Amino acid sequence: MEAFHLLSRGGIKFDKRKYREDVKLFNKSSTSSKNTPSAQKIKNDHLPAELDFFKYTQDAGQKRKPQLDDLGGRKKRRKRDSGPQVEDDEEGNSDAGSIVAVEEQLVTQRHQVKTKGSNVPSHFETFEELRTRYSLPSHISSNLEKYGYSRPTSIQSYAIPILLESRDLAAISPTGTGKTLSYLLPTMIALDSPNSKGKKDYGSGARAVILAPTRELAHQIHNECLKLAEGRKWRITLFSKATASTLADKNVRDKVDIIIGTPLRLVTSLQQGHLDLSNVRHLILDEADRMLDSEFLDQIEEIFATCSRPDVQKAVFSATLPANAEKVAFDVLRDPIRVVVGLKDTPLPSIVQSLTYVADDSSKLPTLLAHLSQPYKPPVLVFTSTQSRASSLAEELVISGVPNVDCLHAGMTKKEREDAIGRMRRGESWITISTEVMARGMDFKGVMEVINYDFPQSVQSYIHRIGRTGRAGREGKAVTYFTNDDAPFLKPIANVLLQSGSPVPEWVVKLPKPSKMKRRQMGRVKRPDTVNKARSIGRNQALKKRDMIAGSKRRKAKEERKVMLETES
DNA sequence: AAAAAAC
């Protein structure tokens with residue numbers, strides 16, 4: 001392994017001049033976002049690229065135009081070519097007669113946002129508007145400016161008011177459209193100021209919890225949160241083994257404002273009695289469909305049950321939310337609002353997708369090497385199905401003389417993972433071979449291309465993987481290899497390409513319906529075995545019981561829970 | 001069937 005890293009870091013000579021332009025772009029984008037090309041664009045254009053996700057499909061061949069001046073013209077075009085995009089709630093804000101309502105609808109159409117739920121709070125258009133409507137703390141306001149957030153994205157303009165009105169929310173918005181800020185901003189506004197001794201009625205212990213499926217993503221969210229927090233003494237904890245042990249001290253624990261972490265880490269601390277979530281007022285699931293699938297569900301349920309405040313606000317965010325996951329989500333949300341940006345399960349049109357037929361597994365490596373022998377724009381992200389395939393492919397590429405190859409999967413040590421992420425962020429990796437661990441949420445703004453070396457296991461996986469490129473209004477390229485063995489699972493992915501306007505070979509379109517894909521998915525749902533199920537039920541009943549017992553009796557209930565678990569196993 | 005998440 002060490003030899004491999006040596007090789008991949010400096011072993012091979014390479015003509016960097018060939019890629020000078022790309023390297024320049026890449027280096028730029030990995031520095032402070034203040035100076036990134038995208039931030040510049042926001043300042044210069046009337047409509048930031050971040051807002052204009054659908055420029056390619058909606059205005060094909062047309063230049064972007066200043067939005068406000070163009071409203072009238074747009075209105076007519078939209079009316080002609082597509083049905084209404086707004087799905088009004090049962091309260092009905094559809095006063096078709098008033099000008100305000102018409103404009104409202106226009107803006108909604110531009111954003112392609114659908115909302116569902118009772119009394120949906122109105123969205124906002126500028127952060128200035130947000131500042132006047134709600135009390136936006138000045139340090140947050142200046143941090144937004146500092147980091148180049150000059151106009152809200154669609155999901156931000158809808159989700160932020162909903163969360164600020166203390167409503168529960170299920171938000172679906174494509175990859176790279178600013179979901180993180182959509183929940184961090186309102187959470188921090190609602191918390192108002194850092195907790196400190198004897199101040200206000202903040203209670204003791206963390207007031208907000210944000211959960212993500214991987215360490216890397218939790219880390220990234222933490223970084224974003226720290227940016228917003230600059231200028232005030234917020235205590236934002238990235239929950240790891242190390243921080244967990246410091247939180248064993250109640251005095252430390254009580255001073256935390258926001259906890260960001262992975263579920264199992266929190267559950268472990270809960271069971272050790274090192275964590276108290278009874279003061280949590282805001283609970284957020286990022287990558288919600290992943291967090292609600294069978295492997296995480298028990299843990300999530302335990303965490304939800306332990307956030308015992310009756311008024312805890314819950315919100316779930318993802319780019320994909322299959323019907324079964326949505327049902328689970330709606331069972332835990334209270335009078336929720338559902339927001340969908342764009343078409344569900346459709347990647348951003350700025351990602352150019354293609355399928356590449358490789359007869360069998362042994363043809364993949366030559367195909368990839370041939371691809372990489374052509375000029376390409378780094379960095380490239382390559383997905384494999386297993387950790388060992390990721391490592392061995394990385395080694396193969398290094399042996400074949402491909403420069404700046406890196407590998408990242410959860411089988412590596414924490415340090416190795418952090419180093420690999422660091423090299424990616426600094427632009428030192430040109431090709432990173434990875435597993436599903438990198439598929440969701442990770443924001444490497446410069447990623448030019450995603451290659452699905454191994455076929456993704458689901459439509460959701462496909463959408464999240466290719467969503468590592470084409471972020472924040474940039475363009476991106478996504479190539480997916482498929483073998484004869486993958487053919488039975490090809491149709492659903494091909495449909496995703498078709499729906500987002502990417503070409504698909506005719507014979508693929510003609511493939512029969514994917515019966516095996518369904519069977520495969522059924523198999524996945526069935527996986528939690530009966531023993532696990534019984535344990536989880538026991539745990540939840542114990543937790544419910546515990547909730548009924550106030551304050552000092554909590555300890556006793558916890559003992560009961562332990563006993564119940566022991567007797568079951 | 002694999003990956004991810006604790007120790």
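This structure is a prediction, so every number in the text was calculated from the model and none was measured. Computed from heavy atoms alone, side chains included, the values below leave out hydrogens, waters and symmetry copies.
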Discussion item. Between B:dA3 and A:Glu295, counting only base atoms on the nucleotide and side-chain atoms on the residue, is there a donor-acceptor pair under 3.5 Å?
Written reply: yes
Discussion item. Using OP1 and OP2 only, check whether a side-chain N or O of A:Thr386 sits under 4.0 Å from B:dA1.
Written reply: no
Taking atom [atom2] of [N] as reference, at what distance in whole Å does atom [atom1] of [X] sit?
X: A:His409; N: B:dA3; atom1: NE2; atom2: C1'; value: 11 Å
X: A:Ile303; N: B:dA5; atom1: CD1; atom2: C1'; value: 11 Å
X: A:Leu297; N: B:dA3; atom1: CG; atom2: P; value: 22 Å
X: A:Leu270; N: B:dA5; atom1: CG; atom2: P; value: 19 Å
X: A:Met442; N: B:dA3; atom1: CE; atom2: P; value: 19 Å
X: A:Arg440; N: B:dA5; atom1: CZ; atom2: P; value: 13 Å
X: A:Asp454; N: B:dA3; atom1: CG; atom2: C1'; value: 12 Å
X: A:Phe239; N: B:dA5; atom1: CZ; atom2: P; value: 16 Å

Fill in: For A:Ile259, the option from A:Val280, A:Thr243, A:Ile210, A:Leu266 that meets side chain to side chain contact (heavy atoms under 4.5 Å, CB included)
A:Leu266
Discussion item. Strictly distance-based, threshold 3.5 Å: is any side-chain N or O of A:Arg468 a donor or acceptor partner for the main-chain N or O of A:Met442?
Written reply: yes
Discussion item. Checking A:Gln353 against A:Ser500: is there a side-chain donor and acceptor pair closer than 3.5 Å?
Written reply: yes
Using a cut-off of 4.0 Å on non-hydrogen atoms, how would the nucleic acid contact of [X] be classed: base, sugar-phosphate, or nothing?
X: A:Arg290; value: base
X: A:Thr268; value: base
X: A:Arg417; value: sugar-phosphate
X: A:Pro213; value: sugar-phosphate

Fill in: Set of residues satisfying salt bridge (charged side-chain N to carboxylate O under 4.0 Å, His left out) with respect to A:Asp289, sequence neighbours excluded
A:Arg440
Worksheet item: What pairs with A:Asp485 under side chain to side chain contact (heavy atoms under 4.5 Å, CB included), at least two apart in sequence or on another chain?
Response: A:Thr483
